[in-house]
Amino acid sequence: MQAKRFRRLAVIAALVQPASARAPRQFNYDESAVPAYELPDPLVCADGSRVKDAAGWRTRRRPEILELFREHVYGRAPAAPSELRFELLEEGEPGVEGSAVRRQVRIHLASDVSLDLLVYLPRTTADASPAFLALNFYGNTSVHRDPEILPSRSWMGDNADLGIVDHRATAATRGARAHRWAIEEIVARGYAFCTVHYGDIDPDHDDGFQNGVHGAFDPSGEERPPDAWGSIGAWAFGLSRCLDYLEQDDDVDAERVAVMGHSRLGKTALWAGARDERFALVISNNSGCGGAALSRREFGETVARINEVFPHWFCGNFRAYGPNVNRLPVDQHMLVALIAPRPAYVASATQDRWADPRGEFLSAKHAQPVYELLGASGLPMGEPPSPNVSVQGTLGYHVREGKHDVTELDWAHYLDFADRHLLATPK
Ligand code: GTR
């Protein structure tokens, strides 16, 4: 009787929980239950021929894979806007130890869409510094307590803990996510740190693509094609516009910019690096499904579920693969392969099983044949390393102990990886 009552209570509790908290229980977390799958070969073209050299990869297979991701996963983004304009909002002595200058720049994309880029420059004797560029979830003010950071003007996800109500930042958001950003360490190691609030580019909700860059650049009055860009495509487009700015900022070496992102913004960093070859290095932190995790493993979050809960992240065509992921002409190892031979780092967390740590490792591993074809090393390990240990070749990987987050340990590995690849070949 008692057991029955508890069961009923559990059912009621499950029903009142939001879908996001409830759903994972129906998902597979058992390695032995991962279905058998065959990955598309990143080196075999659609016509069945195998590319045998770097030229074949560059001219045939790479464009083909990029096109497959555009058509079936992230959608097509427009070209850089002709109206792009940069406005210096503020420059001053930063409240960040070890940084020489804080610069805040408004990047105007269209008459009513602009991004506020926050830049901390390191103290350095070099003419131009390598940089980390990352999108943030809760506005530039959330990344550090520096009182001069300008508050975000755009949509952000409600978060009672951070004092965000009605999608607007309040004083409470200042520094609220500082633990995720090792800014002092980044500038101490000679890198500029650059960040933009992702809501400046496109609000993260299923709004029919009326606002943000979609509202500004999509043809009006036309039905959306099934390969139109979703929000990940939009955020990646925004990162490229930040790089457009950095290209003309003399204090930053735009040929040595690492793009980094966490979670949905890790998916975005991978897609940004795949489509824009100006990014010198790419870091995916706990990006999971639609990011570094192999879709065909269906471990943790699945393609069906991500399309159901976040229909605006991808293009319409991606939805068709939920019920049959094996029909996808790509898997996510090919997204990592698109970054080759540039360095790419994938990181997981032991408790972040929703993001499938093993599937994230395998994506990097299965991108290796492309790196090797291009004369770069891959990942110097066949199996995931012990927790917290970083393995680094031209591909890097670690699985941090703990939950879905970004920590100092993650940054320590990213900085070592960046030092190895971006500082070894200064301009
Ligand atoms: C989850 C989603 C993941 C991940 C995460 C995040 O709800 O299922 O794919 O992107 O959100 O971005 O925080």
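First listed ligand is number 1; within each ligand, the first listed atom is number 1.
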Should you measure from each heavy atom of W313, which atoms of ligand 1 turn up under 4.0 Å away?
-> 9 (O), 10 (O)
Quick one: which ligand 1 atoms are inside 4.0 Å of a heavy atom on K267?
-> 3 (C), 4 (C), 9 (O), 10 (O)
Ligand 1 to S263 polar contact by distance, N or O atoms, under 3.5 Å = yes
For the pair R70 (side chain) and R275 (backbone), establish whether a donor and an acceptor sit closer than 3.5 Å, ignoring hydrogens and angles.
-> no
Do the side-chain N and O atoms of S377 and T394 include a donor-acceptor pair separated by under 3.5 angstrom?
-> yes
Under 4.0 Å, heavy atoms only, figure out whether ligand 1 is touched by the backbone of E301, its side chain, both or neither.
-> side chain
Should the proximity of I306 to ligand 1, defined as any heavy atom under 4.0 Å, be assigned to the side chain, the backbone, both, or neither?
-> side chain
Is a salt bridge present between D419 and R189, judged by a nitrogen-to-oxygen distance below 4.0 Å?
-> yes
Ring-face cation contact, F237 with R241, 6.0 Å cut, 45° max | yes
Among the heavy atoms of H262, does any lie under 4.0 Å from an atom of ligand 1?
-> no
Which of V119, T195, I107 passes side-chain contact (heavy atoms from CB on, under 4.5 Å) with C242? It is I107
